[in-house]
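Step one of this worksheet: look at the structure below.
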There are 2 protein chains.
Amino acid sequence: MTVSGSGPSATPTVRDVAEHAGVSPMTVSRTLSGGKNVRAEVQEKVWAAVEELGYHRNENARSIRPGHSSGLIGVAITNLGNPYYGQFALGVEEVASLHGRRIMLGNTGEQLARESQLVSDFIGRQVEGLIVVPTGEGAEHLTPGRLGSVPLVLASRTVEGLDADTVLLDDINGAYEATKALIDGGHTRIGFLGNVLSVSTARRRYEGFVRALHEAGLEPDPALIRRGQQDVAAARRAMEELLGLDDPPTAIFSANNRNTIGALQAIGTRQKDGPAIPAPTLVGFDDVELADMLQVPLIIVSHDPRQLGAQAARMLFDRLDDPEMDESPRLVELPVTVGTLRG
Amino acid sequence: MTVSGSGPSATPTVRDVAEHAGVSPMTVSRTLSGGKNVRAEVQEKVWAAVEELGYHRNENARSIRPGHSSGLIGVAITNLGNPYYGQFALGVEEVASLHGRRIMLGNTGEQLARESQLVSDFIGRQVEGLIVVPTGEGAEHLTPGRLGSVPLVLASRTVEGLDADTVLLDDINGAYEATKALIDGGHTRIGFLGNVLSVSTARRRYEGFVRALHEAGLEPDPALIRRGQQDVAAARRAMEELLGLDDPPTAIFSANNRNTIGALQAIGTRQKDGPAIPAPTLVGFDDVELADMLQVPLIIVSHDPRQLGAQAARMLFDRLDDPEMDESPRLVELPVTVGTLRG
DNA sequence: CTGTTAGCGCATTCAC
DNA sequence: GTGAATGCGCTAACAG
């Protein structure tokens, strides 16, 4: 793709710098890596040549030498457009930066094929480790056989049939506590909005939801359960369905960010256009910016995605820094806080 | 950092695969790149060996060969934690993906030093092009001399003293129209919340703001101007100051996302705790999730950060696909929409 | 159809 | 202090 030829626009190499400075490539290399065993005046000449040519070391060439790693961590998230994952990536980046590594960030769009391709590409680019928020629909591309010696940390979600280092939220208890708060508030008709079931958080949060119901002698009502909403628009439609029922739920548990926002939009529309029915009490997993400003009864199961990312990165570097570490996968569950913002 | 030695855990190479399959490295290479001129049965053996060893091509090694590029685009944004830039990155990624490239995403945290280091690192990793949302505080690291032949596109902001391909929003007109809407609504005491002045959007949006005032025979009142807020917390404090004035503004122009959210929070707090003063009318640049759900008079200067990213990527690939292109930098201004959500 | 040679940019090893 | 030789993983180009 690039024109070769040693014209002036071609990327300069150590050799170009060496010629310019009137020394050997080796002297340039030495100067670049600290200048040990190079006379000060020679170093000056080298740096001048570097400056003039706009030379940058070729990190790819460096990384193919034996015993050297790329300094890259591959991070695969499901949706860059979701602020949640931006925060998550920021948490990973901060910790990686402390360990002198950069991140390569890729977006899977919740598609298994893209996740698989992304991971493969990351490995091809010699990442030292992988942090993946998996779609959950497949495990083969993440098995040790495929990854070779590249350590993997799963974040936020598990993958069935895959035993790897994992950091999760305390989904079950969070959902349980939040649902219990609704029940304690006198609600018995509680709706549920959730993600597709292939995503483990959807299953775990539903489990907590049901556990709280059972404990109160209640059964989940299938008519009030809507699952599979992956984006705000779908969530909004699902919520509109629930609100449109003859006997609508008096409270809703929303299992994530996207569903909560969709639900809030549906409530908002109804308050403006529809009959003046009191808005259902809403409990939502994940924080929502500005949630505390709304005129809707709202409880948030709160946590910091940045911490989730940071924890995933820490678990990865634990392994990278100590390859002799106990091989058995570790599972960490981060706590969540059930906070009443308005209610 | 990695243990060398040819133990089983070492990353397999073409040679390992070749041995395993009982062929030469060249045959493996050919098979991997499509299988032209390799007998079907030999290919089978090769693929089997690939599978068994968990072999992945070393893209770094491939990319150092003459005439081959890395397939990477370096993207530097200022704040991964801002959903705005997540959307932006998504737009870049989508277009890059169409052109068969991946993105390396880095976060500068609005710090010039990190931006400079990031760009340098990107080049060291042989990115084919750069897309940068600059802090605006320095230009040297982005000059052609430093970048060599790596094309650059600036997004969202300009850098003083740097002439490069740039995609901006129509900041001035957007701010002008929005402010005019306030003036047409009868407001004369209009506050301003903005970013630090080193950021060109802050300057441009202020310019549009002042232009609308002047056109109406008004002067900006220094007592109502607060600039330099980079995050939500600072924006909130600034807004609280304005609200606390003896003669507070009846309307506010907020120059971005972060400031709008901080302002909304300040208004919310005051409505709950303070005296029942009518909330000022707020005009905000950039979309805000859930903005339409609030009980606050709000006008949004709306645009899609994803489009901004996509446009930046398109401008980059224009150059990559046609290196002979007219060298003079291009400037694109994307339109914005002033929409009344509530008011 | 398949294998051998050679070289990409860099730095370790070994001479001088 | 400095330089020459060598090899990292990969694949054009050139035999066979």
Side-chain angles (χ1 to χ4, degrees), chain A residues 1-6 10-46 49-50 53-71 123-127 148, chain B residues 1-6 10-46 49-50 53-71 123-127 148:
Chain A
M1 288 188 163
T2 334
V3 183
S4 50
S6 52
T11 313
T13 76
V14 260
R15 222 143 36 222
D16 298 320
V17 177
E19 277 182 36
H20 235 74
V23 296
S24 81
M26 219 23 248
T27 300
V28 175
S29 177
R30 275 195 266 260
T31 303
L32 261 39
S33 19
K36 214 59 179 126
N37 291 340
V38 182
R39 273 185 316 184
E41 52 182 284
V42 177
Q43 291 194 43
E44 303 251 326
K45 278 195 298 182
V46 171
V50 165
L53 295 174
Y55 170 80
H56 296 256
R57 280 206 287 218
N58 185 331
E59 293 297 329
N60 289 347
R62 296 189 87 203
S63 78
I64 72 168
R65 291 172 307 132
H68 287 265
S69 33
S70 66
I123 294 178
R125 304 219 184 256
Q126 309 305 110
V127 296
Chain B
M1 289 189 159
T2 334
V3 182
S4 50
S6 52
T11 313
T13 76
V14 259
R15 224 145 35 225
D16 299 320
V17 177
E19 276 182 36
H20 235 75
V23 295
S24 81
M26 211 35 238
T27 301
V28 174
S29 177
R30 275 195 267 258
T31 302
L32 260 38
S33 19
K36 211 71 174 112
N37 291 340
V38 182
R39 271 185 320 186
E41 51 181 288
V42 177
Q43 292 195 42
E44 304 251 325
K45 278 195 300 184
V46 171
V50 164
L53 295 173
Y55 170 79
H56 296 256
R57 280 205 288 215
N58 185 331
E59 293 297 330
N60 289 348
R62 295 189 86 203
S63 78
I64 71 168
R65 293 172 304 131
H68 288 264
S69 32
S70 66
I123 295 178
R125 301 211 185 263
Q126 309 306 109
V127 297

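Proteins get letters first, then strands, A, B, ... in listed order; numbering begins at 1 in each. All values reported here derive from a predicted model rather than from experimental measurement.
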Exercise for review: Counting heavy atoms from C-beta on, name the nucleotide in dC8(C), dC10(C), dT12(C) closest to the side chain of V14(A).
Suggested key: dC10(C)

Check your understanding: Are any of the side-chain heavy atoms of V17(A) and L53(A) separated by less than 4.5 Å?
Key -> yes

Point to revise | Proximity to the side chain of R39(A) - top-ranked nucleotide from dA13(D), dT2(C), dT2(D) | key: dT2(D)

Please report, to 0.1 Å, the donor-acceptor pairs under 3.5 Å made by any side chain of residues 22-33 of chain B, with sequence neighbours excluded.
from, atom 1, to, atom 2, distance (Å)
S24(B), OG, M26(B), N, 3.3
S24(B), OG, T27(B), N, 3.4
S24(B), OG, T27(B), OG1, 3.4
T31(B), OG1, T27(B), O, 2.8
S33(B), OG, S29(B), O, 2.6

**Study point:** Proximal nucleotide (of dC8(C), dT4(C), dC10(C)) relative to the I64(B) side chain
**Key:** dC8(C)

Exercise for review: Give me the one residue out of I64(B), N60(B), N58(B) that meets side chain to side chain contact (heavy atoms under 4.5 Å, CB included) with S63(A).
Suggested key: N60(B)

All N/O pairs under 3.5 Å across the protein-nucleotides 14-16 of chain C interface:
none

**Study point:** S24(B), nearest nucleotide to its side chain (from dT2(D), dG3(D), dG3(C))
**Key:** dG3(C)

Review point. Tell me, which of residues 54-63 of chain B have any heavy atom that sits under 4.0 Å from an atom in DNA chain C?
Key: none

Point to revise | Selected nucleotide, minimal atom distance to S29(B) side chain, candidates dT2(D), dT11(D), dG3(D) | key: dT11(D)

**Study point:** Exceeds 12 heavy-atom contacts within 6.0 angstrom, atom CZ of R65(B)
**Key:** yes

Point to revise | Along DNA chain C (nearest heavy atom to each residue), the more 5'-positioned of R65(A) and K36(B) | key: K36(B)

